Novice: 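Here it is: the structure, laid out below.
Every heavy atom of this structure was used, including side-chain atoms; hydrogens, water molecules and symmetry mates were not. For clarity, every value in this text was computed on a predicted model and none was experimentally measured. In what follows, chains are A, B, ... by sequence order, proteins preceding strands, each numbered from 1.
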Number of protein chains: 2
Amino acid sequence: MSQDSARSRAKRAQIHQGATRVFLAEGFAGATTDAIAKAAGVSKQTLYVYYRSKEQLMVDVLDSLLSRLNRDHAVLESDRPVGSLPELRQTLTDLACEVLEIVAGSDYLALARVIIADAPRVPEIGRLWAQTITSGVRHLVAELLERARDCGVIDVEDVEAATRLFVGGVLTYILPDGIVAVDGPVAAPSRERVERIVDLFLRAITIS
Amino acid sequence: MSQDSARSRAKRAQIHQGATRVFLAEGFAGATTDAIAKAAGVSKQTLYVYYRSKEQLMVDVLDSLLSRLNRDHAVLESDRPVGSLPELRQTLTDLACEVLEIVAGSDYLALARVIIADAPRVPEIGRLWAQTITSGVRHLVAELLERARDCGVIDVEDVEAATRLFVGGVLTYILPDGIVAVDGPVAAPSRERVERIVDLFLRAITIS
DNA sequence: ATCAAACCGTACTGTTCAGTTTGATATGTC
DNA sequence: GACATATCAAACTGAACAGTACGGTTTGAT
């Protein structure tokens with residue numbers, strides 16, 4: 001049972017994929033094992049060959065989704081120019097737009113819904129999630145700001161506060177409305193609107 | 001059945017109260033009607049005399065909680081002084097601390113969890129909730145900023161962006177971590193930390 | 001005291017659903 | 001072809017749970 005052959009790896013992936021779809025759409029309680037089996041194109045029996053229980057299956061699915069989240073964040077981590085104020089402005093705007101694009105993507109909010117709903121059931125996953133999305137983006141912004149400060153481009157005494165201000169301000173374009181928007185995907189704001197909040201933020205940190 | 005006597009009003013309130021406790025703690029799916037009846041100190045039968053179904057009971061409970069949310073926001077709406085920069089600083093700090101106090105209060109996050117989890121089931125409630133917490137605080141801050149601008153204390157061309165920046169920045173002290181913090185209440189940040197973000201924000205909007 | 005309405009506790013019904021069993025069918029290996 | 005392994009479909013089991021039925025008890029008004 002559940003050998004490590006190419007065949008079983010394929011079946012496992014198939015189940016994993018179907019379960020991901022159903023869990024994201026219906027949540028843990030709403031997802032029936034029958035629906036998962038059907039979505040995966042697999043008999044319910046086979047499902048229990050590869051996973052001990054529905055709960056373990058969901059934990060596995062959530063783990064993968066969190067890993068993907070980390071990869072999505074890693075993509076943002078290219079070294080970005082912050083050597084001058086126009087460069088920093090461009091960099092912050094690009095970053096904000098990319099983050100909003102990720103957050104507005106359908107899976108991101110669906111995952112958040114599922115994790116929040118099941119936080120009482122699997123608190124470790126909840127903590128891991130919060131830490132992922134927190135340290136992911138915030139850390140990146142903090143690093144940018146520190147580099148810009150070291151270049152003498154900006155003047156901030158409290159990088160942490162500045163980071164919070166920026167990230168929080170940007171995310172209000174999606175949250176909290178997006179998290180309860182079930183029908184249809186959420187629209188990310190236009191680059192123009194993002195630029196306006198970036199400019200405002202820049203006034204707070206430029207050398208006076 | 002279910003007359004409008006003092007007695008039945010009391011029983012209804014009793015059921016409502018017990019159901020509120022259980023729904024906030026367990027969510028819709030997790031709350032059994034037996035548990036609700038027990039928490040309310042009422043027989044399950046009586047529960048169904050006053051409410052047609054578990055779903056209707058939850059809708060009623062959520063409605064009340066949203067009303068309370070509105071009242072909580074209304075408390076913040078006292079006219080606050082913004083006639084000078086120190087006054088505005090004090091006002092924004094006070095307001096931010098009060099908002100954080102409300103959000104960190106146990107019921108606020110529990111309600112958010114329940115509503116987010118059940119957004120697919122009752123989307124109207126979800127929309128109502130998002131609108132409530134959005135327009136509640138943001139509107140208030142926007143009005144403060146406009147008044148301060150009219151007094152010539154600050155210089156903002158885009159009040160909406162400034163409002164988003166401020167409210168979003170402040171809320172990062174609770175979210176997203178608080179929403180998945182099941183064990184124990186969430187700690188609001190110290191006034192000092194709030195002051196630091198207020199000062200940063202003020203730099204963005206003061207006349208240069 | 002009497003009566004009716006409200007209420008209680010318990011047990012029941014019907015349904016949903018996770019997980020299992022069964023017995024048949026496909027797949028690949030020798 | 002024979003044999004083992006993986007998979008399938010479908011029926012089954014047991015538990016949880018929303019909602020109901022019922023017989024007994026409290027409450028309050030007259």
Novice: Going by the ring pair (Phe, Tyr, Trp, His ring centres under 6.0 Å) test, which pairs reach into residues 93-116 of chain B, not counting sequence neighbours?
Specialist: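 Checked against ring pair (Phe, Tyr, Trp, His ring centres under 6.0 Å) - neighbours excluded - no pair reaches residues 93-116 of chain B.
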Novice: Rounded to whole angstrom units, what separation is found between the CD1 atom of B:I15 and the P atom of C:dC8?
Specialist: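 One finds 8 Å between P of C:dC8 and CD1 of B:I15, rounded.
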Novice: Find the distance A:F23:CZ to C:dA18:P and express it as a whole number of Å.
Specialist: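 Roughly 9 Å, once rounded to whole Å.
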Novice: Shorter than 3.5 Å, N or O on both sides, protein versus nucleotides 17-23 of chain D: list them out with atom names.
Specialist:
| residue | atom | partner | partner atom | Å |
| --- | --- | --- | --- | --- |
| D:dA18 | OP1 | B:A31 | O | 3.4 |
| D:dA18 | OP1 | B:K54 | NZ | 2.8 |
| D:dA18 | OP2 | B:T33 | N | 2.9 |
| D:dA18 | OP2 | B:T33 | OG1 | 3.0 |
| D:dG19 | OP2 | B:Y48 | OH | 2.7 |
| D:dG19 | OP2 | B:K54 | N | 2.9 |
| D:dG19 | O5' | B:Y48 | OH | 3.4 |
| D:dG19 | N7 | B:K44 | NZ | 3.0 |
| D:dG19 | O6 | B:K44 | NZ | 2.9 |
| D:dA21 | N7 | B:Q45 | NE2 | 3.1 |
| D:dA21 | N6 | B:Q45 | NE2 | 3.4 |

Novice: I'd like to know if A:R89 and A:D94 make a salt bridge, using a cut-off of under 4.0 Å between side-chain N and carboxylate O.
Specialist: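 No.
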Novice: Please check if any side-chain donor atom of A:S67 sits under 3.5 Å from a side-chain acceptor atom of A:S64, or the reverse.
Specialist: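 Per modelled atom types, A:S67 and A:S64 side chains form no pair under 3.5 Å.
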Novice: Using side-chain hydrogen bond (donor to acceptor under 3.5 Å, both in side chains), reason through A:T172 and B:R164 one step at a time and then give a plain yes or no.
Specialist: CA-CA 6 Å; A:T172 58; B:R164 293 194 107 95; 3.2 Å; yes
Novice: What integer distance in Å separates A:K11:NZ from C:dA26:P?
Specialist: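 Nearest whole value for this atom pair: 14 Å.
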Novice: Over how many whole Å does the gap from B:R12 atom CZ to C:dC7 atom C1' extend?
Specialist: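 For the pair B:R12 CZ and C:dC7 C1', the rounded distance is 15 Å.
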Novice: Salt-bridge test for B:R80 and B:E98: reply yes if a basic N is under 4.0 Å from a carboxylate O, no otherwise.
Specialist: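 Salt bridge flag = yes for B:E98 with B:R80.
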Novice: How many whole angstroms separate atom CG of B:L47 from atom P of C:dC8?
Specialist: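 Going from CG in B:L47 over to P in C:dC8 covers 10 Å.
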Novice: Reckon A:T46 has a side-chain N or O less than 4.0 Å from the OP1 or OP2 of D:dA6?
Specialist: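 Checking D:dA6 against A:T46, no side-chain N or O comes under 4.0 Å of OP1 or OP2.
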Novice: Rounded to whole Å, please give me the gap between OH in A:Y51 and P in D:dT7.
Specialist: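 So the OH-P distance, A:Y51 to D:dT7, works out to 13 Å.
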Novice: Flag the pair B:E160 and A:R193 as a salt bridge only when some basic side-chain nitrogen lies within less than 4.0 angstrom of an acidic carboxylate oxygen.
Specialist: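 Salt bridge between B:E160 and A:R193, a charged N being under 4.0 Å from a carboxylate O: yes.
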Novice: Measure CD/B:Q14 against P/C:dC8 and give the value in whole Å, please.
Specialist: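 My rounded result for the distance is 7 Å.
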